[in-house]
K.L.:
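The structure follows.
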2 protein chains.
Amino acid sequence: CVHLAALIDLVRFMFYPPRCDDDDDDDASCPIDEEVAKLLELKAQLGGDDGKHQFVLKTAKGTRDYNPKQMAIREKVFNTIIGCFKRHGAETIDTPVFELKETLTGKYGEDSKLIYDLKDQGGELLSLRYDLTVPFARYLAMNKITNIKRYHIAKVYRRDNPAMTRGRYREFYQCDFDIAGQYDAMIPDAECLKIVHEILSELDLGDFRIKVNDRRILDGMFAVCGVPDDKFRTICSTVDKLDKMPWEDVKKEMVNEKGLSEEAADQIGEYVSMQGGMDLAERLLQDQKMCQSKLACAGLSDIKLLFSYLQLFQVTDKVRHAVVFDLSLARGLDYYTGIIYEAVLTQAGVAPVTAEAQNGAPGEESVSVGSVAGGGRYDGLVGMFDPKGRKVPCVGVSIGIERVFSIMEQKAEASAEKVRTTEVQVMVASAQKNLLEEKLKLITELWNAGIKAEVMYKKNPKLLSQLQHCEESGIPLVAILGEQELKDGVVKLRVVATREERNSSPVSTVPGQS
Amino acid sequence: CVHLAALIDLVRFMFYPPRCDDDDDDDASCPIDEEVAKLLELKAQLGGDDGKHQFVLKTAKGTRDYNPKQMAIREKVFNTIIGCFKRHGAETIDTPVFELKETLTGKYGEDSKLIYDLKDQGGELLSLRYDLTVPFARYLAMNKITNIKRYHIAKVYRRDNPAMTRGRYREFYQCDFDIAGQYDAMIPDAECLKIVHEILSELDLGDFRIKVNDRRILDGMFAVCGVPDDKFRTICSTVDKLDKMPWEDVKKEMVNEKGLSEEAADQIGEYVSMQGGMDLAERLLQDQKMCQSKLACAGLSDIKLLFSYLQLFQVTDKVRHAVVFDLSLARGLDYYTGIIYEAVLTQAGVAPVTAEAQNGAPGEESVSVGSVAGGGRYDGLVGMFDPKGRKVPCVGVSIGIERVFSIMEQKAEASAEKVRTTEVQVMVASAQKNLLEEKLKLITELWNAGIKAEVMYKKNPKLLSQLQHCEESGIPLVAILGEQELKDGVVKLRVVATREERNSSPVSTVPGQS
């Protein structure tokens, strides 16, 4: 049994031992957790398939709620990502969820049809934001900001065909990091890739590959292969489909649908099959045909420079986390003007959880399971908003966080470790009846001391149900009040996992407090 | 001069000294900051009034961007609030920004006209959420959850007349804390008030008053005063205007517009002028007329019980932070069924910043400057979504965070202390040319060691501009590379505020690292 002051010290001691590495991950798992998890799962299954009554009771198509467990995972992922952004010195901004419709007009090419408009209820015509990049450019132009390094984490909206099991929603988070400003070539660009590399490594999602290309190389390639100028964009979006369909089908679309000559298509086909590193960029700079295009040469030189910076950043020469110069990478959005990149996880399905599995032979199942990050340079976008057309060069990256959530959720499901959804440290409980007043007094002291504490909202709860609540929600300690303890002016502290009852404390018991 | 390993240790030592209270507030201010702040303000003024060109360059009416400074304040406020919610053991959820239109239908009475609808682009009819309470109730019913304690911080949307200088927007944050479940009377209700009290005290917004009433007392009062049943709601919303207009005008509206008898109005007028504590509830329980209504009696008994719990929670008997039973409090929303409350700041204008001013005589200017929190019990709302009408009793509170932001921003403006918008610890700089490679190598080591570091994106920036950047953004340390240091395998570490250059380190210099 311990006195109040000692109780507070004891709780603090258990949660904040006098080391300095008390950042986030705590909650050691206990055997009871597993049992509780099984029961909870069973409960969820029983409650979950009662579909016939849910007539209006749903969220809008392509959207979802986050339950507390999902929120706990989301918070963890955000902390990792924000931690990285802050380590790189980024500020953050926020913009409204809707913009004037005209702000979004003409920025997304064919994808504009996926924009959500608001109903005209009088006043301005509005649309939900489609990404965070266009609002960022609008913000820069509006505030005449010419350099900033900012991150922005917020939801964006696309009337797309949702595939929610694969993490594709109509409302989804983007985590954007962008560097705006007139700087020396490829330094900010390389930092964006460094950031992708850090985040994907830290999130521990298994092997990944970062593909890099440059819009100027693509345009130069199209030119030297004989694609007419006005077909650059449309051929580019056909090339973009190479990660989803084989070259034969892409070629067919180019020739049959887009009216390209078979010869030009074949030449493109040769180039877009190329992958490599700095060496490939060097080789292409010597390429008879490619070097006819000044644009392509500029892009290739920058790719070389980029790889040299990536080496300094310790990002290249990793087998399992490779950066690859890939001429087939095109990316859909219209606004890119220079370097573009995309990160894909290369392990089929969920990344393995156990350490043994992670040490297994890499590359065997190197199937692309989808993009988790992407971005590039867009030097013209801010100028589209500036009344005088003043340009602000920008480069940025967007982390496709919904796919990351899906993977983390699956990992959590597969793992034995329980996800806690609260951070409660102590449950204030009683063994006998009529102690509500005393419990409320005690919990007030705990709250005032900054301790995370709960009490049941019943006058006379059963001790068993109080202890059960602790086990269900992973509360590690119970402060139990009883007549005898009250008489003695002490509190009994019980460790839920071991069921041992502590009556020692790190500081010697302080007398005279109740 | 220090070696790399020692540098990392030194930076860590300066930011995380071996005490354990390293939570958030750091950034000591330096004299240069003030000069820089003045220049920045001047720059903002010069850049800000170029209105003629900003044709489309704006955010939607009633909405705003948050710049990095505002975001820093927002983060701090959120941390305080979330800290309190977590201390009380709340989980968190998230819901989509839009709901099916019918989900919102019939929940907000007259205010429904302020709901934003989405354009019908085929598919479901959607509306932006108007608050977080209705989506919460929908979530509970949809997932058959009968008890939960959750918080939810997110933006909501109202096509209201914005008054942005007073913190009233069309897009604004709500911070909601709600307790759902069948519990013993007034325990969760009292905890909601405890939370309001903790948050407003911690945010240090000056004096405040929490007004408390009960819908059952209002309805009972209307009944005993002779208001016809079908006029309860409309008379209630007239009473709600008492905080904005004098009784005479309210009475006029009741009699002339709503057709109430003058006698009934006068009787109401007597009751709604009453304010007090537990004593008032006791007195009204003895009131000949009032005690004719069972509903009112139930409400009054619960008010008594509430105050007894508030006493245990140490929330009452504060002069500057009073809880008052106020019969004029009505609150607009239809869905409340029991206790209701609202917190108002009672100091005109911004809360004083200096400690001396805060110790000045309170109450002199006790003018209500607006509601900063409100809530109540809504036992019927979840049942409206349940196919079988099963009720889940709920009580909750919503913090009006936008007003808090406004006040905090004004405080920050008035204060000499500079708001930092990044957390960068070290700037990696060079005194000579051609050291980009070495700088990138060094910053990579720092990032990999978890240190927040920046480097300029120029091959050969001037030392002055590197130092200037540190002063502008409050970076406390500079690691300066030079030819000599490179030869010696060391780094020079400079403290920006004092300009002293350190060459000692908390650990003895480690040999053999570069």
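Values below: all heavy atoms of this structure, side chains included; hydrogens, waters and symmetry mates excluded. The sequence lines fix the lettering, A, B, ..., with proteins before strands; numbering per chain opens at 1.
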K.L.:
Please identify each residue that fulfils side-chain hydrogen bond (donor to acceptor under 3.5 Å, both in side chains) with B:R87, with sequence neighbours left out.
P.N.:
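Partners of B:R87 by the side-chain hydrogen bond (donor to acceptor under 3.5 Å, both in side chains) criterion, ordered by chain and then number, come out as B:E198, B:E202.
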K.L.:
Would you compute the distance between atom CG of B:D65 and atom CG of A:D94 and round it to the nearest 0.5 angstrom?
P.N.:
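Output value for this atom pair is 8.0 Å.
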K.L.:
Just give me the residue among A:H88, A:R74, A:E75 that pairs up with chain B most often, heavy atom to heavy atom, under 4.5 Å.
P.N.:
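Of the options given, most contacts go to A:H88.
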K.L.:
Using every non-hydrogen atom in the two residues, find where A:D184 and B:N460 come nearest and quote the distance to one decimal.
P.N.:
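It is OD2-N, 4.5 Å.
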K.L.:
If I measure from the heavy atoms of chain B, does A:A90 come under 4.5 Å with its side chain, its backbone, both, or neither?
P.N.:
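Backbone only.
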K.L.:
Applying ring-ring contact (aromatic ring centres under 6.0 Å, His included), can you list everything that pairs with B:Y169, at least two apart in sequence or on another chain?
P.N.:
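In terms of ring-ring contact (aromatic ring centres under 6.0 Å, His included), with neighbours along the sequence ignored, B:Y169 is linked to no residue.
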K.L.:
Side chain, backbone, both or neither: which part of B:Q70 has a heavy atom under 4.5 Å from chain A?
P.N.:
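Looking at B:Q70, nothing touches chain A.
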K.L.:
Let me know if B:N448 has heavy atoms under 4.5 Å from chain A in its side chain, its backbone, both or neither.
P.N.:
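Looking at B:N448, just its side chain touches chain A.
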K.L.:
Taking the side chain from A:Q121 and the backbone from B:I115, do they hold a donor-acceptor pair closer than 3.5 Å?
P.N.:
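Flag set: sc A:Q121 to bb B:I115 pair under 3.5 Å.
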K.L.:
Could you look at A:E438 and say if it's the side chain, the backbone, both or neither that has a heavy atom under 4.5 Å from chain B?
P.N.:
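Neither; nothing under 4.5 Å.
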K.L.:
Can you say whether A:L446 sits under 4.5 Å from chain B via the side chain, the backbone, both, or neither, judging by heavy atoms?
P.N.:
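Looking at A:L446, nothing touches chain B.
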K.L.:
Looking only at heavy atoms, what is the nearest atom pair of B:Y139 and A:N67, with distance?
P.N.:
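So the minimum-distance heavy-atom pair works out to OH-CB, 3.2 Å.
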K.L.:
Where does A:N147 contact chain B at under 4.5 Å (heavy atoms): side chain, backbone, both or neither?
P.N.:
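It is neither, since no heavy atom gets under 4.5 Å.
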K.L.:
With a 4.5 angstrom heavy-atom cut-off, which part of A:K155 approaches chain B: side chain, backbone, both or neither?
P.N.:
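Looking at A:K155, just its side chain touches chain B.
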K.L.:
Rounded to the nearest 0.5 Å, what separation is found between the CZ atom of B:R138 and the CG atom of A:L57?
P.N.:
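Rounded to the nearest 0.5 Å, the CZ-CG separation comes out at 7.5 Å.
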K.L.:
Is A:R64 reaching over with its side chain to a backbone N or O of B:T95, donor-acceptor style, under 3.5 angstrom?
P.N.:
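Side chain of A:R64 to backbone of B:T95, a donor-acceptor pair under 3.5 Å: no, none is there.
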K.L.:
Tell me, side chain or backbone of A:I145 under 4.5 Å from chain B's heavy atoms, or both, or neither?
P.N.:
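It is neither, since no heavy atom gets under 4.5 Å.
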K.L.:
Would you call the rings of A:F98 and B:Y157 parallel, tilted or perpendicular, where under 30° means parallel and over 60° means perpendicular?
P.N.:
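Tilted: the ring planes of A:F98 and B:Y157 meet at 30° to 60°.
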K.L.:
Of B:E124, B:E99, B:E102, which meets salt bridge (charged side-chain N to carboxylate O under 4.0 Å, His left out) against A:K58?
P.N.:
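Answer after filtering B:E124, B:E99, B:E102: B:E124.
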K.L.:
Counting only heavy atoms closer than 4.5 Å, note whether A:I148 contacts chain B via side chain, backbone, both or neither.
P.N.:
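The side chain, not the backbone.
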K.L.:
Tell me, side chain or backbone of B:L126 under 4.5 Å from chain A's heavy atoms, or both, or neither?
P.N.:
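It is the side chain, since no backbone atom gets that close.
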K.L.:
Taking A:E171 for its side chain and B:V97 for its backbone only, find out whether a donor-acceptor pair lies under 3.5 Å.
P.N.:
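Yes, the answer is positive, given that a donor and an acceptor are paired below the 3.5 Å cut-off.
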K.L.:
If you count heavy-atom pairs under 4.5 Å between each of A:G122, A:A185, A:P96, A:G89 and chain B, which one has the most?
P.N.:
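Ranked by contacts with chain B, first place is A:P96.
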K.L.:
Going from CD on A:E191 to CH2 on B:W447, what distance comes out if it is rounded to the nearest 0.5 angstrom?
P.N.:
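Rounded to the nearest 0.5 Å, the CD-CH2 separation comes to 4.0 Å.
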K.L.:
Are the charged groups of A:E454 and B:K149 less than 4.0 angstrom apart, N to O?
P.N.:
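Judged by the 4.0 Å cut-off on N to carboxylate O distance, A:E454 and B:K149 do form a salt bridge.
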